[in-house]
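We count ligands from 1, going down the list as the structure has it; atoms in each ligand are counted the same way. Just so it is clear, the model here is predicted, and its values are computed rather than measured.
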Amino acid sequence: MAILDILKYPDPRLKEVAAEVSCFDDGLREFIRDLEETMRAGPGGVGIAAPQVGCMQRIVIVDVSSKPKIKQHGRLVLINPEIMQWDGMARGREGCMSVPDYTGNVIRAKNIKLRAQDEEGETHDYEMEGFEARAVQHEIDHLDGLLFLDRLVSRRNDLFERKVYK
Ligand SMILES: [Zn+2]
């Protein structure tokens with residue numbers, strides 16, 4: 001296993017659109033283990049997308065189980081994820097390992113219906129809400145070359161320098 005280097009804004013590779021995964025082999029599963037280790041090594045790492053480590057494939061990991069008292073599915077490996085339905089809107093604060101110095105307020109769908117494959121290539125459908133739905137939408141954006149910075153309504157009002165608590 002290995003902790004991979006995280007690309008940081010404004011690295012141009014973060015703007016690339018990732019390709020569909022078609023080969024579900026041991027190499028893919030090994031990469032996913034490294035990607036997950038990288039996510040868990042980061043501060044507050046509740047999600048990561050393959051393009052953040054320079055791998056332009058449609059692979060996302062989300063695990064919001066560290067947040068108490070919310071509806072969630074635990075550890076999720078989402079390959080070729082597709083949001084089938086959006087419902088409601090909510091504003092919330094987001095951070096990103098690729099944008100370490102800032103957080104921002106972003107409007108996302110409250111509820112989503114999602115279809116994705118797992119690391120064996122099996123297709124699953126999910127219904128998600130709240131923080132988990134937000135995390136998944138944030139990570140899927142990475143697959144399409146978008147950062148939360150691209151979704152701020154106003155840089156002046158919705159972008160915040162991250163405070164370091166001592
Ligand atoms: Zn991110």
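Contacts classified as side chain to side chain donor-acceptor pair (under 3.5 Å) and involving residues 14-26 (residues at least two apart or in different chains) are given here: D26-R29.
Between the side chain of N80 and the main chain of V21, a donor-acceptor pair closer than 3.5 Å is present.
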Can I get a per-line list of side-chain donor-acceptor pairs under 3.5 Å for residues 69-77, giving both atom names and the distance, sequence neighbours left out?
unit_1 : atom_1 : unit_2 : atom_2 : d
Q72    : OE1    : G74    : N      : 2.6
H73    : ND1    : E132   : OE1    : 2.8
H73    : ND1    : E132   : OE2    : 3.4
R75    : NE     : E36    : OE1    : 2.9
R75    : NE     : E36    : OE2    : 3.0
R75    : NH2    : E36    : OE1    : 3.0

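Between R91 and D158 there is a salt bridge, since a side-chain N of the basic residue sits under 4.0 Å from a carboxylate O of the acidic one.
Looking only at protein N/O/S atoms, the ones less than 2.8 Å from the Zn ion (ligand 1) make 3 in total.
Follow the hydrophobic side-chain contacts under 4.5 Å out from Y126 and you reach I112 in the same cluster.
In this structure, M89 belongs to a hydrophobic cluster whose other members, linked by side-chain heavy atoms under 4.5 Å apart, are I107, V153.
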